[in-house]
Amino acid sequence: MAKKVFQRPKYLKKAVFHYCPGCGHSIIHRLIAEIIEELDIGEKVIGVPPAGCAVLAYDYFDVDMGESPHGRGAAVATGIKRILPDRIVFSYQGDGDIAAIGTAETIHAANRGENITTIFVNNGVYGMTGGQMAPTTLAGQNSTTTPGGRDVKRDGFPLDLSEMLAIARGSVYIERTAVNSPKNIMRTKRAITKAFKAQMDGLGFSLVEILSPCPTNWKLSSVDACKWVEESMVKTFPLKVIKDEVEGAIS
Amino acid sequence: MAKKTKKGKITIDRELCKGCYLCISVCPSHLIAVSDKLNQKGYYPAEYMETDSKEKNRKCTGCTMCAITCPDIAIEVYRG
Ligand code: SF4
Ligand code: SF4
Ligand code: SF4
């Protein structure tokens, strides 16, 4: 008898994602739902969705969710975790959300060592509003507000937020991954699992930055968008463990 | 004990599919193609074509690569 070895995870509702074809958000949602099931924390997890393309994440996850205003994910997650310390709390934020308007609360949450996990989806543009330049837009990258490419003299450099958060003394685990290939998707899953485990063991602030294709605003096919992550994005945002103080400490 | 060759198969929900074709780009056995019929959303969905592909080394192994990559969870994989 053939056995089903891959299916929709239990903690995703049977809703159709509103995301564009080939969007990395859809893959990341599925990974988080799989991990919630595997760690058996469905009754204990609380997600904090952002403003941006993932604003409707609560329509998809079949777990408790509490929407955050734009950029305030780390602050909202902090509040929830402090009131309900036995819950596993994660914020889900895009680059426009976390690396621009939300920079302050994110840095301070990391520095205070809040025992929360942040999923930072980096696609280098403001997706929902139509592809404007974000802090993470690459040098030379076209966006609707940088036609002709981001000029670092005029527009500044792409922001290495994860590296900045690694300097904060309260952060314990920060890794940058991508969801542009099966191998990288599996690596992302391991990273988020580790981040959740660090929180379950009470170790402090954990974050996984995920380079995520946005074919629509990059104006590429889904397949080419995955290639572009590999060819361009990782040069500015290399895939690596940026900080790991949990190795050996998690059960 | 005879060495077992892995046997698998997939199903694609053509109405969930948004025609990104990432599954096609990752299947090591090239077993997925583009359908020539539109789905209700207006995409040409991906289609599993195992039965049309009898060449050597072009069997589904149930490796799940296509399903892992599918953003819209349109693919289910069976093994054995
Ligand atoms: S605009 Fe980009 S990030 Fe937003 S849903 Fe579409 S592909 Fe995804
Ligand atoms: S990866 Fe999924 S959504 Fe994309 S073409 Fe294949 S089945 Fe359709
Ligand atoms: S399970 Fe593996 S071999 Fe089978 S269709 Fe999917 S990618 Fe191809």
Side-chain angles (χ1 to χ4, degrees), chain A residues 1-34 53-54 60-61 121 123 178-190 210 212-216 218 220-227 229-230, chain B residues 4-51 59-80:
Chain A
M1 251 282 282
K3 200 173 136 232
K4 213 186 248 190
V5 291
F6 191 101
Q7 63 191 325
R8 175 177 291 271
K10 179 168 148 196
Y11 290 109
L12 273 189
K13 297 175 192 166
K14 286 204 176 65
V16 179
F17 291 131
H18 72 281
Y19 302 114
C20 309
C23 177
H25 277 301
S26 306
I27 297 175
I28 298 164
H29 281 24
R30 192 195 75 229
L31 293 179
I32 295 170
E34 287 174 358
C53 284
Y60 307 126
F61 285 99
V121 181
N123 56 23
V179 286
N180 65 323
S181 69
K183 187 169 141 247
N184 283 341
I185 291 169
M186 293 320 287
R187 185 170 157 183
T188 300
K189 186 168 175 184
R190 284 193 293 276
I210 305 162
S212 172
C214 173
T216 300
W218 297 355
L220 294 173
S221 72
S222 301
V223 174
D224 286 345
C226 288
K227 285 195 194 122
V229 170
E230 202 75 50
Chain B
K4 252 182 147 178
T5 42
K6 274 196 197 150
K7 255 180 71 189
K9 73 164 201 164
I10 65 163
T11 58
I12 301 178
D13 184 326
R14 51 180 288 122
E15 292 308 326
L16 276 180
C17 175
K18 291 183 189 152
C20 70
Y21 309 137
L22 291 175
C23 53
I24 298 180
S25 75
V26 299
C27 175
S29 308
H30 311 288
L31 294 169
I32 309 172
V34 182
S35 166
D36 55 8
K37 283 183 216 80
L38 289 170
N39 67 11
Q40 287 191 14
K41 286 199 214 81
Y43 296 114
Y44 288 103
E47 201 170 62
Y48 182 50
M49 50 164 202
E50 177 213 36
T51 44
K59 283 238 153 24
C60 176
T61 56
C63 71
T64 71
M65 296 251 265
C66 52
I68 285 168
T69 315
C70 175
D72 286 283
I73 324 179
I75 302 180
E76 290 191 330
V77 185
Y78 299 81
R79 231 182 263 155

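First the proteins, then the strands, lettered A, B, ... as listed; each starts at 1.
- Residue B/Lys41 places its NZ atom among more than 12 non-hydrogen atoms of other residues, nucleotides or ligands, all under 6.0 Å distant.
- With a threshold of 4.5 angstrom between heavy atoms, B/Ser25 approaches chain A through side-chain atoms but not through N, CA, C or O.
- Within the 4.5 angstrom heavy-atom criterion, no atom of A/Ile28 approaches chain B.
- Considering only heavy-atom pairs separated by less than 4.5 Å from chain B, the leading option among A/Ile27, A/Asn180, A/Val5 is A/Val5.
- A side-chain donor-acceptor contact under 3.5 Å links A/Arg30 to the backbone of B/Ile68.
- Residue contact with chain A, scored on non-hydrogen atoms closer than 4.5 Å, is absent for B/Cys66.
- Summarising the geometry of B/Asp72 relative to A/Ser26, their closest heavy-atom pair is OD1-OG, 4.5 Å, with the distance given to 0.1 Å.
- When A/Gln7, A/His25, A/Arg8 are compared by the number of non-hydrogen pairs under 4.5 Å with chain B, A/Arg8 comes out ahead.
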A/Phe6/B/Ile10 under side chain to side chain contact (heavy atoms under 4.5 Å, CB included): CA gap, chis, key distance, verdict: CA-CA 9 Å; A/Phe6 191 101; B/Ile10 65 163; over 6 Å; no
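- Note that NE2 of A/His29 is 9.5 Å distant from CD1 of B/Ile73, once rounded to the nearest 0.5 Å.
- Closest of all the heavy-atom pairs between A/Val223 and B/Cys20 is CG2-O, 4.2 Å.
- Counted within 6.0 Å of OH on B/Tyr78, heavy atoms from surrounding residues, nucleotides or ligands total more than 12; the atom is thus considered enclosed.
- Listed here is the closest heavy atom pair of B/Pro71 and A/Gly22: CG-CA, 3.9 Å.
- Within the 4.5 angstrom heavy-atom criterion, no atom of B/Ile24 approaches chain A.
- When all heavy atoms of B/Lys18 and A/His18 are compared, the pair lying nearest together is NZ-C, 4.2 Å.
- The backbone N or O of A/Ala2 sits nowhere less than 3.5 Å from a side-chain atom of B/Lys9 that would complete a donor-acceptor pair.
- Of the two parts of A/Cys23, only the backbone, made up of N, CA, C and O, holds a non-hydrogen atom closer than 4.5 Å to a non-hydrogen atom of chain B.
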